[in-house]
Each structure stands twice: as structure tokens, then as C-alpha cells.
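Scroll down for the structure; my scribbles are underneath it.
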There are 2 protein chains.
Amino acid sequence: MATGRTHRPATRSRGIPEATVARLPLYLRALTALSERSVPTVSSEELAAAAGVNSAKLRKDFSYLGSYGTRGVGYDVEYLVYQISRELGLTQDWPVVIVGIGNLGAALANYGGFASRGFRVAALIDADPAMAGKPVAGIPVQHTDELESIIRDNGVSIGVIATPAGAAQQVCDRLVAAGVTSILNFAPTVLSVPDGVDVRKVDLSIELQILAFHEQRKAGEEAAAEVTAQAAAVPATTREESATDQGPDGDVPAVMPA
Amino acid sequence: MATGRTHRPATRSRGIPEATVARLPLYLRALTALSERSVPTVSSEELAAAAGVNSAKLRKDFSYLGSYGTRGVGYDVEYLVYQISRELGLTQDWPVVIVGIGNLGAALANYGGFASRGFRVAALIDADPAMAGKPVAGIPVQHTDELESIIRDNGVSIGVIATPAGAAQQVCDRLVAAGVTSILNFAPTVLSVPDGVDVRKVDLSIELQILAFHEQRKAGEEAAAEVTAQAAAVPATTREESATDQGPDGDVPAVMPA
DNA sequence: TTTTGTGAAGAACTTCACAGCG
DNA sequence: CGCTGTGAAGTTCTTCACAAAA
């Protein structure tokens with residue numbers, strides 16, 4: 001995503017490639033599942049399959065963290081879980097605020113995976129006075145007026161924006177001014193932030209449009225293929241247009257009214 | 001994302017880079033806004049700023065679509081909107097089904113941006129019999145039993161999975177078997193699909209973890225910087241760790257119980 | 001022998017910088 | 001003269017393929 005990370009002697013941090021960072025959570029999830037099944041070790045091949053990536057890529061990714069594997073054996077599951085968690089900063093507590101408690105905001109507040117890994121919903125904030133006090137996911141919604149004090153009092157550095165597009169930039173500005181330096185944006189807007197602030201976006205309509213693009217191509221190729229292969233009954237499953245990748249390619253999606 | 005797109009003489013399609021495809025929706029959104037303000041033309045510089053990208057990148061992106069600009073002038077807004085829409089396949093109707101009408105599914109169903117660009121919620125599907133018939137966003141929820149017939153009857157090729165992780169693969173298999181070839185997955189699971197099926201994922205917890213990684217680094221650098229710059233009062237906004245990128249770097253996020 | 005860790009090759013993407021069209 | 005379109009250079013990411021550790 002962002003990061004201008006240039007220069008700086010690197011106080012030891014080997015500068016993990018961004019693409020690798022983006023995959024660590026994936027590995028962590030797969031490893032956690034193995035851990036729960038009490039599997040002691042995995043090979044790069046097995047873990048790669050579980051995470052849906054190529055094993056060489058996985059090994060290279062891990063090589064940026066250090067040499068945590070054992071040749072001829074594989075990786076110790078528990079140990080790797082710990083190392084990746086530490087690398088991602090999940091061994092500490094991250095209070096998070098969610099701003100905009102509409103359908104989506106409520107869904108996010110109810111999202112179980114939040115608490116699971118270091119993240120804690122510190123507060124839910126909404127501009128609608130009628131919402132104030134109403135509990136969502138067991139947490140009382142607070143009014144936007146309190147945004148600054150909430151952030152400061154709880155030492156929040158990560159904010160989630162789930163407001164309509166029109167309000168997003170303004171909310172963003174207030175979050176940043178109050179001290180938030182990482183933002184997850186679900187509103188379909190490009191946010192502008194000062195240097196030093198990270199923004200990631202999640203945009204449903206962008207994702208759908210990307211799918212539509214490929215879908216359209218498939219339709220075209222099908223028609224072309226019909227001419228070539230006529231009724232040659234090729235198992236539709238072995239066509240050349242693959243797609244098991246599921247992630248690291250382009251943008252991220254956004255959710256909310258356009 | 002996916003796509004194994006190798007070989008094939010290319011029936012004229014210049015094979016637009018995946019990274020470019022992922023940005024087209026962004027440009028389209030910016031252009032639509034300009035169009036609504038009746039702005040007739042934009043320069044690559046202006047449009048790039050609105051979309052949050054570098055202008056050279058934007059020009060190169062557009063060059064894959066053709067030469068739609070006028071030197072010395074810029075791009076015709078309406079014309080570009082049309083060309084990009086066509087390229088993305090948004091000039092046709094895309095019926096979509098959403099499976100799993102929990103908090104998130106409901107939020108997605110209510111998402112306004114859906115209808116806006118060619119997408120139409122053809123059906124809402126949930127496994128809970130108690131949900132059946134209940135309208136969400138004005139559309140009655142149907143039971144999973146009807147999944148196959150719904151897909152076939154409506155010619156659905158795009159499916160959205162918003163179920164808990166445990167059900168996702170099974171739902172995916174049924175969608176694919178029924179003819180869906182593009183899937184947007186909000187469940188925190190790696191889906192396996194046959195070749196020819198595209199999967200994109202949206203994963204909240206992955207996004208948060210990526211943010212946490214950078215956040216942690218910032219904290220470290222801050223400490224390091226304190227030693228170097230002591231109380232040298234550097235405007236916190238000009239630090240080296242930037243981040244206005246907002247997207248195309250790593251993975252995509254997922255939403256649902258881990 | 002199995003499986004890691006990694007140089008080196010390759011592919012994809014980004015950015016530069018400028019020729020050339022309008 | 002302004003701004004697009006694009007070769008070429010630069011950067012990042014992926015994949016190969018194999019030496020070496022266990």
C-alpha cells in the first residue's frame with residue numbers, strides 16, 4: 001500500500017517487501033488453523049497450498065523474516081505463528097474506532113475476527129444524535145462530537161471509516177488531527193492525508209467492476225472458442241482462463257453509496 | 001488478481017494489464033463526478049489528482065484502451081466515461097446474488113452503489129429458514145435450497161459470498177456448479193475454484209493487520225527519531241513515512257468471523 | 001533424502017522524460 | 001505552447017532451480 005520508506009540506515013529492519021507484508025496475515029490464518037488442529041510442523045508446500053500461494057513465494061516471504069524453518073522438515077507451526085504475529089505487531093493491543101454506524105458499520109462492529117488478533121473496538125461513533133447511547137454489538141454508540149476525546153483518551157491510532165462518501169474526508173481529517181495514523185476506508189472516496197498516515201481502502205463496487213471486466217472477457221472468449229472447438233466438448237473446467245489467485249493484484253474494494 | 005491469460009492470438013484485445021484494470025473503476029468514479037458537474041474535459045494531471053494516482057501512470061493506463069485524449073487539451077469526460085464503462089463491461093446488466101444475509105450481507109444488499117453501475121441484486125440467499133421471505137433492502141430472502149434454480153433462471157454469473165467462513169467453500173462450490181464464474185468473497189477463507197472462475201476477496205482482518213504492521217513500524221521510527229532529532233520539533237506531517245497510495249499493493253481484505 | 005533458503009532470471013508494474021500532435 | 005502518448009529506464013515482485021542443511 002502506502003509507505004514512502006526510502007533511505008534510513010534501517011535499525012536492523014530488513015525492510016520487508018510490501019507484497020510480503022500483505023501475505024503474512026494469510027499465512028497466519030492458515031497457521032492458526034493448523035495450530036488448532038495441533039499440527040506441529042508444516043512444509044512450505046503444504047502451507048502454501050493452504051494459503052493459496054506458490055511455495056517458492058512463501059519461502060521467500062519467510063526468508064525476509066529470518067530462517068525459521070528446518071531443512072528436510074519444514075516449519076514449526078507454533079513458532080511461526082508467534083514470529084509472524086510479532087512481525088505484524090499483533091502481540092500488542094490495538095484499540096480501533098469505527099466511525100459511521102450504519103448497516104456496514106454495525107456489521108463491522110459485530111465482526112468476530114476483530115477481537116481475535118490484537119484488535120479491540122474501543123468505540124463506535126456516529127453523527128446521528130438518535131444513535132447515541134444505543135448499543136451495537138454490545139458497545140454504546142457515541143456522538144461525533146466526542147471523536148477527539150475518544151481518540152486521545154484511548155490512544156487510538158487506527159480508525160475505520162464506514163460513513164457515506166460525502167462525510168468521509170471530513171471524518172478522516174478529524175481522525176488524523178486527533179492522532180490517528182492508520183485508516184481503513186470503506187467509503188468510496190479517495191482520501192487525502194498528510195505524509196505519515198496510512199490509508200487502505202475497501203471498495204465493493206471496484207471489486208465488482210474488476211470481476212465484470214474479466215467476466216466480459218470470458219464471454220468473448222467463449223464465443224471465439226465455440227468457433228474453434230465447435231461442439232468438441234472440452235471439460236469446461238480446464239479452460240485456460242484461470243483465477244485462483246484471490247488477492248494481491250490490484251486495488252482493494254470500497255463499500256457504501258457511490 | 002487471478003487470470004492465467006497466456007497465449008491466445010488475442011482477437012484484438014491488447015491484454016490490458018491487471019494493475020490497470022484495477023484502476024479503471026477509480027478513474028471512472030472520478031470521471032463520473034466530473035460529468036455530474038458538467039466538466040467537459042480534464043487533463044491527465046487533474047484526473048490523476050482526483051483519482052489519487054500519478055499522471056504518467058494514468059496516461060499509460062489510458063493508452064492501453066486507445067488514444068482517447070487530445071494533445072494540448074486533455075480528455076473528453078463523457079467520452080472517457082463511456083469508453084471505460086464499455087471496457088469494464090458496465091454497459092451490460094450484471095445480475096448478482098448475495099449469499100449469507102447476516103449483518104454484512106444485509107449491508108451489502110443495502111449498498112447503493114450496487115445498482116449504479118450495471119449491477120443488480122437478483123437475489124438474496126440465506127441458509128436460515130427463518131429468514132426466508134423476510135425482505136432485506138426490499139428484496140425477499142430466499143432459502144439456500146433455491147440457489148441453483150435462482151442462478152440458472154436469472155443467468156447469474158457473479159456471486160457474493162457473505163457467509164461465515166465455515167460455509168463459504170460449500171456455497172462457493174454450489175455457485176460454481178450452478179454456473180457462476182466470478183465470486184466476490186467476504187468470508188475469511190481461501191476458496192478453491194476450478195480454472196475459469198475468478199475469485200476476489202475482501203478481508204477486513206487482513207487489512208487491519210497490514211495497517212498494524214505499518215503502525216508498529218511508525219512507533220519504532222518515532223522512538224528512533226526522538227534520539228536523532230530530540231525535541232527538534234519537526235512538523236509531524238513531513239515525516240518520511242508516507243502512504244497516500246490507498247490501494248494497489250497487496251491483498252484485499254475479508255470480512256466475517258475468523 | 002527431504003525440504004529449506006536464496007542467487008539469478010524473468011515478468012509485471014511504475015516512473016521518467018521527451019518527441020510530437022493539436 | 002500545452003498536454004498526450006510512449007519508448008526506455010528503473011523498481012518491485014514472482015518464479016526458477018539448485019546448493020546445502022538436517
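Values below: every heavy atom of this structure, side chains too, minus hydrogens, waters and symmetry copies. Order of the sequence lines fixes the chain letters, A, B, ..., with proteins taken first and strands second; residue numbering starts at 1 for each chain.
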>> On the nucleotide D:dG5, are OP1 or OP2 found under 4.0 Å from the side-chain N or O atoms that B:Tyr75 carries?
In response: yes
> Given C:dT15, is OP1 or OP2 found less than 4.0 Å from the side-chain N or O atoms of B:Lys57?
Replying inline: yes
> Does B:Glu78 have any side chain to side chain donor-acceptor pair (under 3.5 Å) partners at least two apart in sequence or in another chain, and if so, which?
Replying inline: B:Ser35
Take the protein atom [atom1] of [X] and the nucleotide atom [atom2] of [N], then report the distance between them rounded to whole Å.
{"X": "B:Glu45", "N": "D:dG2", "atom1": "CD", "atom2": "C1'", "answer": "12 Å"}
{"X": "B:Asn54", "N": "D:dT12", "atom1": "CG", "atom2": "P", "answer": "15 Å"}
{"X": "B:Asp76", "N": "C:dG22", "atom1": "CG", "atom2": "P", "answer": "16 Å"}
{"X": "B:Lys60", "N": "C:dC18", "atom1": "NZ", "atom2": "P", "answer": "15 Å"}

>> Nearest 0.5 angstrom please: B:Leu184 CG to B:Ile161 CD1, how far?
In response: 9.0 Å
>> Does anything in residues 25-49 of chain A form a ring pair (Phe, Tyr, Trp, His ring centres under 6.0 Å)? List the pairs, not counting sequence neighbours.
In response: A:Tyr27-A:Phe62
> Between A:Arg217 and B:Glu87, is the closest basic N to carboxylate O distance under 4.0 Å?
Replying inline: yes
> Which residues pass the salt bridge (Lys or Arg N to Asp or Glu O under 4.0 Å) test with A:Glu46, sequence neighbours left out?
Replying inline: none
> Can you name the residues that form a ring pair (Phe, Tyr, Trp, His ring centres under 6.0 Å) with B:Tyr82, not counting sequence neighbours?
Replying inline: none
>> Strictly under 4.0 angstrom, non-hydrogen atoms only: write out the protein contact profile of nucleotides 17-22 of chain D, one letter per nucleotide from the 5' end, B, S or -.
In response: B-BBBS
> Near DNA chain C, which residues from residues 30-44 of chain B have a heavy atom under 4.0 Å away?
Replying inline: none
